[in-house]
Amino acid sequence: MGGETFRSRLLVGTGKYRDFAQTRDAIEASGAQIVTVAIRRTNIGQEAGQPNLLEVIDPRRYTILPNTAGCYSAMEAVRTLRLGRELLDGHDLVKLEVLGSKETLFPNMPETLKAAEILVRDGFRVMVYCSDDPVQARMLEEIGCVAIMPLASLIGSGMGILNPWNLRIIIDQARVPVIVDAGVGTASDAAIAMELGCDGVLMNTAIAAAGDPVRMALAMRQGVEAGRNAFLAGRMPRREYQASPSSPAEGLLG
Ligand SMILES: CC(=O)[C@@H](O)[C@H](O)COP(=O)(O)O
């Protein structure tokens, strides 16, 4: 993705944990290599003298993916990612999200497209949170985004994948990785996303808000791996309410 190879197909956020120690332990258990950080919410150096996430999430070990959570306009998002690039010594792989509604946290797609254009021109490698509209997904790819990240359902809702059909169209047409972002609730949601053919899954709340975040992080890792293997193995043909015996009906013993 964006010219780099990652072993893990699970990408995780850093919000909503009890403390930095729990964040560290859950991320470790998830096996994720890409860890996204909301530049407007989490201190990675903007606030001198305050606890800094990078003291527990080592940027030499993880790829830190600055994101624009909390931004509602293209220019706000662009400014935020330029600040992130400064804080991370020129690191240019970023996650763009421009929100359109404080209630639903749905993306504002016109502003997202505008910001993507500016950022790509500015030399960023842009992974982009977007609606599950295949036409807009294609526009983002044509602008030069390195990954398309359609929502599964509302951020923080844990409702799982609401429209697998649209996701399938986006996956089939895309020439860059498609990573489901937002709304995953449990490990089976992650597995379904991967079985559909997604290249990866990004999540935060499902792990951070679980009863046992570290254990859920492990379950998500396994869900993503199981779903990927099932996708590669190829599902058996679905039979429309028709049984088929598991052993031959002919030549029964006795
Ligand atoms: C962490 C992040 O980048 C967000 O887009 C979002 O928080 C992910 O959504 P969930 O919290 O629903 O997984």
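The analysis underlying the following values was restricted to heavy atoms, covering all of them including side chains, and did not include hydrogens, waters or symmetry mates. Residues take their numbers from the sequence shown, with the count starting at 1. Each ligand, and each atom within it, is numbered from 1 in the order the structure gives.
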Close side-chain approach of I155 to E97, heavy-atom, < 4.5 Å: yes
Neighbouring protein residues of ligand 1 - any heavy atom closer than 4.0 Å: T36, N67, K95, E97, I155, G156, D181, A182, G183, L202, M203, N204, T205
Co-members of M149 in a cluster of I, L, V, M, F, W and Y side chains, linked at under 4.5 Å: M1, F6, L11, I34, L65, L93, M127, V146, I179, L202
Evaluation steps, salt bridge (charged side-chain N to carboxylate O under 4.0 Å, His left out), between R125 and E4: CA-CA 11 Å; R125 291 174 295 156; E4 288 181 68; 2.9 Å; yes
Any residue meeting side-chain contact (heavy atoms from CB on, under 4.5 Å) with F231, in chain and number order, not counting sequence neighbours: R228
Test side-chain contact (heavy atoms from CB on, under 4.5 Å) applied to E55 - qualifying residues, sequence neighbours left out: N52
Spatial distance of atom CD1 (I161) from atom CD (E195) [nearest 0.5 Å]: 9.0 Å
